[in-house]
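Below, read A as the first sequence line, B as the second, and so on, with proteins coming before strands; counting in each chain starts at 1. Please read all numbers here as calculations on a predicted model, not as lab measurements.
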Amino acid sequence: MAYNITQDGFVARVENLSKSYGTGDGAVSALTDVSIGLRHGEFTAIMGPSGSGKSTLMHIMAGLDSPTSGRAWLGDTEISGLDDTQLTILRRRRVGFVFQSFNLVPTLDVTSNIRLPFELDGRRPSAGESEWIDQLVQSLGLAARLTHRPSELSGGQQQRVAIARALATSPNLIFADEPTGNLDSRTSREVLTLLATASREYEQSIAMVTHDPIAASYADRILFLADGRVVDDVVSSGAGGMSAEEISRYMLSAEAAA
Amino acid sequence: MRRGNARDHRPTVIVAALGSAFGVVLLLVTQSLGVALANDEFVRDSGSGALLLSIVALVFLVIAVYVGAVVTTNTVATVIAGRTRTIALVRLIGSSAKAERRLVAAEGLRSGLIGSVIGVIAGVAIAAGAMRVAVVTGLVPELDYPLLDPVIGLPFAMVVLTTWVASWVGTRRVLDVTPLQAVSAAEESRREHAVRRTGRTAWAVVLFTIGTLLLALGMIVGLFNPLGVLIGVVGGMLSFTGVVLGAELVMPPALRLVGRMLGRGPTARLAAANAVRYPERSTRTTVGLVIAVTLVTMFAVTMESFRALALAAAAESPGSFAGMDEALSVAVGVFSTLIGFSAVVAATGMINNLSLSVLQRQRELGLLRALGFTSSQVRGMIVAEAAQLSVTAVVVGLALGIGYGWAGAQSLLGSFSGEPAIIAPTVPWALVAVLAGVAALLTLVASIAPSHRATRVTPVAALAAN
Ligand SMILES: Nc1ncnc2c1ncn2[C@@H]1O[C@H](COP(=O)(O)OP(=O)(O)O)[C@@H](O)[C@H]1O
Ligand SMILES: [Mg+2]
């Protein structure tokens, strides 16, 4: 899908992005002059304390919300100028989502939830895509659950279904907002490993919002946000990468400085 | 202490107001007509005509109040479903389920009182206006018509009482809310599952069976004697009560069937699934309309059969049935209007219910929008849901009404020609056309507010909602 990636290899990019809520004295500035690019095939964590603007940034990058000023691109498409329907179709085809909770449509079983993005696009998965979905279902251990409703699944299983759905369309970028926020530590590790594996093995680009240092340590790269600004951009995994303790210590010092 | 917002109870207030206003108008107008009849120099009614009128009025009042009660039960149950988390939270902190239930039921009683007062005032005003118009146009003589008659206390009391009872029944679900639900992560982990329903189902089946057997008996007796219709009426009432009690066996499959006809696209499929998400809720949402449509259709079919026979007889012996046709048309018109009022109450309930259930699905709509549902697809989904509910209610009511109407006509008129005859069931096509229009209109009206609201909210705001 090289045609969706900008020449610099960014799957998503924002430039001088600002977002404020409300007007006048009561205005809250959620993001101030943020410029970042997410690289293809990379697992990026967006970290920062609660209220630092992580979700806002993710929403704008994913075309769920519009910036007050600045520009945003998904691949080569500038999304800051698109209307609601164009954005919706873009999300449907090029973006995957994993939220903290309430990821699945309660009336649909696991199979239908995974295939929902195709359905919304008015088509059936191709033979190749069906094979890919089957493979995902197998490797995520969902094969025995396909006819179950979300209410019959544990929290971890629900997140795995959401991950399967996000991966199913092989989107340019998957956004995950605190995907482990509702899970116990063991299930969290499972889910994080799945995301890291998807990124490594299938070159899936992933942007994960989190305030959990352990979660961030699974990523290739960490963007630190504080008070609506990017304050640091570090390599996480591999030789020279930050460990969870280092991330945690970094966070504490950043909060103390703020 | 109030836990919810006042908007939750607006439907209950509206339904109570409609019911009591209807009752007041009906009783005051029949009383006034009684007065007019007693003063009429040709009729000089000694009271039996007025009594008959009052009985008929009472029957229609009971139907309207009953439909209103069903609607209110449903509204309250829907409100409870939306408040599950709040209730679970106060349970967690230490409140008892019973105390919580009493609170919600008290809100229901208060809504019933407010609505009834509004309804009585409106009803008296409307009745006064109607009688004034009738006097001015010379329809009735200028007389001292009763307007603040104590009789208006009857619909008031009936509506307040039934609203209270309906709220109480509707709040049964409060008892099912566990404190754990406040902390559980899984949304909608509990469905409104069918429990304690076996006794009710048994009653429904027994009543329906006995009723249907009596209906058949009435039809057989009717071949020789028009009094067969009396057996038929009892049978019809029993079997229809069975249908209403067992509506949960009838409506969900019917909704599924109609849902399948909506098509296979994602919009239609989600809509179809939504309409049967809570079978109990959808059943109560539609059953009021089913009752009203059944009754209207039944009257129309019976009258139509009677008219066909009368016209045939009139063709043979001209003169003997003069004026019959008009009288019957008027009767059908009046009855349909009076029952149609129950349909209005039922429709109000349906509109409110769809609104509430869309409101309670904000997060799900946000999720769908995030995943790629366009706002017009969301609108389409809500319209499809509304269509599914209205069409199903109208079709089921029509089918039942034709069945009961035919049974009525057969037992009443089987011996009409002097020898046993089978009356062909008539399908009142004009009524079918009207009902199709009603279903379309209802779909439109019911989906306007919720789809407006659903598409106005941004995906981000919807995802953040509870
Ligand atoms: N809809 C909104 N209206 C007003 N303020 C908002 C809204 N959404 C977010 N904010 C504010 O913007 C800031 C960033 O929020 P958010 O992006 O959710 O932070 P995070 O995800 O890092 O916790 C916070 O101060 C928050 O209060
Ligand atoms: Mg957040």
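Contact annotation for A:R93: neither backbone nor side-chain heavy atoms come within less than 4.5 Å of a heavy atom of chain B. Residue contact with chain B, scored on non-hydrogen atoms closer than 4.5 Å, is absent for A:L87. With a 4.5 angstrom heavy-atom cutoff, B:T374 touches chain A via backbone and side-chain atoms both. With a 4.5 angstrom heavy-atom cutoff, B:R269 touches chain A only via side-chain atoms. Using a 4.5 Å cut-off between heavy atoms, A:F175 makes no contact with chain B at all. In this structure, chain A has heavy atoms under 4.5 Å from both the backbone and the side chain of B:L371.
Ranked by heavy-atom pairs shorter than 4.5 Å toward chain A, the options B:S375, B:A370, B:P459 are led by B:A370. Interface remark: of the candidates A:L104, A:T56, A:L64, A:T88, A:T88 forms the most heavy-atom pairs closer than 4.5 Å to chain B.
Considering only residues two or more places apart in sequence or on other chains, B:A254 meets the side chain to side chain contact (heavy atoms under 4.5 Å, CB included) condition with B:T392, B:V396. For the side chain to side chain contact (heavy atoms under 4.5 Å, CB included) test, residues two or more places apart in sequence or in another chain that qualify with A:Q100 are A:E178, A:N182.
Heavy atoms from other residues, nucleotides or ligands lying under 6.0 Å from CD1 of A:I214 number 12 at most.
At a heavy-atom separation below 4.5 angstrom, chain B is approached by A:S112, A:L116, A:E119, A:L120 within residues 111-123 of chain A.
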Residues 350-359 of chain B side chain polar contacts: donor-acceptor under 3.5 Å, at least two apart:
| unit_1 | atom_1 | unit_2 | atom_2 | d |
| --- | --- | --- | --- | --- |
| B:N352 | ND2 | B:T348 | O | 3.0 |
| B:N353 | OD1 | B:T78 | OG1 | 3.4 |
| B:S357 | OG | B:L354 | O | 3.3 |

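Side-chain atoms of A:D109 and A:T147 form no donor-acceptor pair, as typed in the model, at a separation below 3.5 Å.
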